[in-house]
Amino acid sequence: MQHVSSFRSKLVRAALGALAGLLAAFTALAVAELVAGLVRPAAGPVTVVGGAVIDRTPAAVKDFAIRTFGENDKIVLQLGILAILALIAVGLGILALSHQRAGAAGVLLLGIVGAAAALSRPDSTGTGDALPSIAGAVAGAVALYVLATKAAPVPAPEGQAGTGGWSRRGFLTAAGVTAVAATSAGALGRYFTGRQGQGAVASRESLVLPKPTSPAPAVPAGVQLRVPGITAFTTPNSDFYRVDTALTVPKVDAGTWRLRIHGRGVTRPRTYTLDQLLARPLIERDITLTCVSNEVGGPYIGNARWLGVPLADLLEEAGVRPPSKGGRADQLVARSVDGMTLGSPVEDLMDGRDAILAVGMNGEPLPFDHGFPVRMLVPGLYGYVSACKWIEDIELTTFAAYDPYWVKRKWARRAPIKTQARIDTPKPFARPAAGTVTIAGVAWAQRRGITRVQIRVDDGPWQDADLAAQAGIDTWRQWSYRWNATPGGHNLTVRATDGTGQVQTEQRTRTIPDGASGWHSVFVTVP
C-alpha cells in the first residue's frame, strides 16, 4: 500500500508540474501577444519562430508540405510549434517542482530564442521586435516560479515524520489567477492587433478603382464549356490559390504605403504613393498565374482579370533599359513588406508583355491574401520569380550580384512556365457509367497559348480534344473529349501542344528546381 501511495503521490506531483508548465507557457504567449499588439503584430513569437523555421526548411520539405497540406501548411506549422512548446512546457514544469530557478531559467531561454528569431527576420524593424518574446518569457518565468513554489511539498510539522503535503488551496488560487490574467492579456493583445489592422481594412474598403485606360479585350463566347466539374474560366477571388511564406497576412494601410524604385541603371529613382499609381493610365488584362509548386495535375493555378500599372512604363521613366538595349541591370528584385524577395529578368519585364503592378483583381481592390494594396505579376513566369505580393521596393541589380529568397534555396533563377494540361473531370478513381463520358479540363502555356489538346485512353492512339475559345495567350484554355466508355478499369491521359508547336513533354519531373513536367492521367472504373 505504501508503494501504491508513493506512486500516486509522484503522479499527482507530475500532473501539478505539467499544469504549472502549461499555464506558464500560456501566460508567456498571452503577454507576448499583448506586447506584439502594442509594438508590431508580426513580431509575435509564434510568427517569428514559424518564419525562421520556414526560412531554414529545405526546399524539398517545403514542397512536401505544400503537396500534403495545401494552403493549410501554415496552420499545420503553427500547430506544430505550439505542440512542441507544450511538450517543453510540461518538462520545464515538472523540473520546476524540484528546481524552481532552473525551470524559470528554461522559460527565459525560450524567450531568448524567440527574440533572436524576431531580430533575424528580414522584415525586422529593430530591437523593438524582441520585446514581445522577452516580455512573454519574463511573465512566463515568474508564473512558473510562483506555481512551482505553491505546488512544492510543505515541510512536515516539527516532530512528525514524512515530508508533508502541498498547499492545494494555494496552488489552485495561484493557477486560477494566472489563467485569468493570461486570458485577459491575450484578449487585450488580440484587441490591439485588430486595431492596428483597422486602418488597412478601412483604406481598402474606401478605395475606388479607376476605370482602365486600356480595358481587357472582351472574353470570346465559348471560353467556358458547359461541362459539369470543369474549372471555371475566371477564378473567384475567394477560390484563388494562395502559396507564400507569410504566417500572418500583412495588412498594409494604403494611405501610408510607398513603392521605391532604385538600383543599378536607375538614373531617376522614384517613390510612388498608391494615389500616384492610380492616377496613371491603367491596363486591365486576363492573366493566368501558376505556382512553381504546382504538381502535374495540381490545383495551384488560377485565372483572374487584373487591373494595374504597366511595369515597363515605370522602369522606363526611371531610366532603366533592358540588357538587349545596353541596360546595366538584368535582374529586378521585388521586396515585400514582410521581407520576401523575388527576382525577375529585366528583359522579360520590358519585352512588351503585360507585366503589371496590380491594384485590382476581378473588379475589386486586391484582397489582403493576394497582396493589397499592390502586387506584381508577369505573364509567363512562375510566381516565385514574378508575383511579389505586398510589394514595397523594386531594386535593379544583376543575377550575378544577388540571389533572392528562393534562389538561395536552390530553385532556378529563371522560370518560364511549362506547357501543361490537366484533367478536371472525371476525377481520379471515379466510376462513370458506360456510354458517352465527357473528359474535360484546362491547359496552359502562358505567352505561347494552347493550339491542341489530345487524350489517350489506356495505351490507345492519341485523339484530338475539342478546344474552347482562346481568350489570349496569357490565359489557360478549356478542352473536352467525348469518350465512349466501356466496362473495366481505364487510364486516361492528356497532353497539350503550345503555340510554338512544341508538344508537352512526357518526362516526369518534380517541381524543384523550375516547375513540374509530365502528362497528367487519372484512373477510372466503368462498372
Side-chain angles (χ1 to χ4, degrees), residues 16-52 75 77-93 96 100-101 103-119 121 124-151 170-201 247-249 251:
L16 291 176
L19 179 58
L22 291 173
L23 284 172
F26 178 45
T27 300
L29 290 176
V31 171
E33 185 171 1
L34 172 58
V35 176
L38 295 170
V39 177
R40 196 170 75 93
V46 174
T47 299
V48 296
V49 170
I75 296 176
L77 173 61
Q78 290 174 313
L79 290 176
I81 291 173
L82 291 175
I84 292 172
L85 179 60
L87 291 174
I88 295 174
V90 168
L92 290 176
Q100 287 96 335
R101 292 182 179 179
V107 177
L108 291 175
L109 180 60
L110 291 176
I112 293 173
V113 171
L119 295 177
R121 300 298 299 138
S124 174
T125 58
T127 55
D129 283 355
L131 287 178
S133 293
I134 295 298
V138 170
V142 171
L144 181 58
Y145 188 89
V146 171
L147 290 169
T149 301
K150 295 295 183 183
F171 178 81
L172 292 178
T173 299
V177 170
T178 300
V180 171
T183 301
S184 300
L188 277 174
R190 287 190 293 274
Y191 170 75
F192 287 125
T193 297
R195 287 198 61 180
Q196 287 208 13
Q198 285 179 358
V201 173
L247 287 177
T248 301
V249 175
K251 290 191 174 180

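Numbering starts at 1 and runs along the sequence shown.
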Suppose we screen for salt bridge (Lys or Arg N to Asp or Glu O under 4.0 Å). Which residues come up paired with R40, at least two apart in sequence or across chains?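 Testing R40 for salt bridge (Lys or Arg N to Asp or Glu O under 4.0 Å), a comparison that skips the adjacent residues, returns D123, D129.
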inquiry  = Go through it in stages, so that I can follow the logic: the residues are L92 and L110, the test is side chain to side chain contact (heavy atoms under 4.5 Å, CB included), and I'd like the CA-CA distance, side-chain angles, deciding distance and then a yes or no.
reply    = CA-CA 11 Å; L92 290 176; L110 291 176; 4.2 Å; yes
Atom [atom1] in [X], atom [atom2] in [Y]: separation rounded to 0.5 Å?
X	Y	atom1	atom2	result
L144	T149	CG	OG1	8.5 Å
L108	S133	CG	OG	12.0 Å
L29	L34	CG	CG	12.5 Å

Provide the closest heavy-atom pair for [X] versus [Y] in the form atom of the first, atom of the second, distance.
X	Y	value
A179	F26	O-CE2, 3.9 Å
V46	Q78	CG1-CG, 4.3 Å
A28	A137	CB-N, 4.5 Å
F192	G37	CB-O, 3.6 Å
F171	K150	CA-CB, 3.7 Å
V90	A18	CG1-CB, 3.7 Å

Compare all side-chain heavy atoms of T178 with those of V146 and state whether any distance is below 4.5 angstrom.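 Sidechains of V146 and T178: no contact.
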Check: Does L188 reach the side chain of S184, with side-chain heavy atoms less than 4.5 Å apart?
Finding: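 No, side chains not in contact.
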What pairs with [X] under side chain to side chain contact (heavy atoms under 4.5 Å, CB included), at least two apart in sequence or on another chain?
X	answer
L109	none
L77	V53, I54, I81, L247
V35	V31, V39, L131, P132, A135
V249	R242, F368, D369, W390

Check your understanding: Can you name the side-chain hydrogen bond (donor to acceptor under 3.5 Å, both in side chains) partners of T47, sequence neighbours left out?
Key ->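 In terms of side-chain hydrogen bond (donor to acceptor under 3.5 Å, both in side chains), with neighbours along the sequence ignored, T47 is linked to T248.
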